Amino acid sequence: MLDIHSHTLAIGAIYNLTIEELRLSPSCFNKQQWLSVGLHPWFLTEEWQKDFLHVRRWAMVPQVKAIGEAGLDRLSKSPCQHEAFLAHVELSEEIKKPLLIHCVKAVDEIIKIHRSMDPKQPWIFHGFRGKPQQAEQLLKEGFYLSFGEHFNLASVQICPADKLCMETDDSNLSIEEIEKRIRKVRQSELESFSKDLLFQ
Ligand SMILES: [Zn+2]
């Protein structure tokens, strides 16, 4: 199973660059390492556009497979969340790479933006822990859901295999262990969850 969002370097996982690492050159990373680049809402400042130049620079690199994590976090006081998120959406569309979304207490707003921008790229809700009603709402709008160590059982059960992603995020569990737990909940050993095609 592809680990679509990880904060630990591992071949076979999409490693999310830290804000410091965005300043590095791609040659600092193993060529086989898949990466995602974006400005996490927690680390936005009034000067976010300067940091975003690094995101843009990285976005073109072939081993970068997704833009993000980016999004809205209503528990964070960081400024410029809305405009920074829109910039990530535009970049994802421009370079044709999926968008990994960090969302805290802002689901309705993310859905509103999704409707108004009508993106062609997949939007993946990372670390989804919401209830099935919310999962259903997002699936109906065309989102993908990514589950990690902590998830709502019923939400995992109702998510179609072709919309279901998995991630380690900052968990100590392996992606194999997370996949095992998800398969157990779904009782479907033969289902194929591979998402490699999303990240070509
Ligand atoms: Zn994360």
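Just so you know, ligand 1 is whichever comes first in the structure, and atom 1 is the first atom listed for that ligand. The structure presented is a predicted model; accordingly, all values stated were derived computationally and were not measured. Positions are given from 1, in the same order as the sequence printed here. Note that these values count all heavy atoms, side chains included, but never hydrogens, waters or copies made by symmetry.
Look at K180 and E177 and you find a salt bridge, because one of the NZ, NE, NH1 or NH2 atoms lies within 4.0 Å of a carboxylate O, short of that distance. Taking 4.0 Å as the cut-off between side-chain N and carboxylate O, E179 and R183 count as a salt-bridged pair.
There is a side-chain donor-acceptor pair under 3.5 Å between E167 and S146. A side-chain donor from one of E69 and H126 sits under 3.5 Å from a side-chain acceptor of the other. Using modelled atom types and a 3.5 Å distance limit, the side chains of H5 and D169 yield a donor-acceptor pair.
No continuous path of hydrophobic side-chain contacts links L138 to I158 [ILVMFWY only; heavy atoms under 4.5 Å].
Taking 2.8 Å as the limit, the number of protein N, O or S atoms around the Zn ion (ligand 1) is 4.
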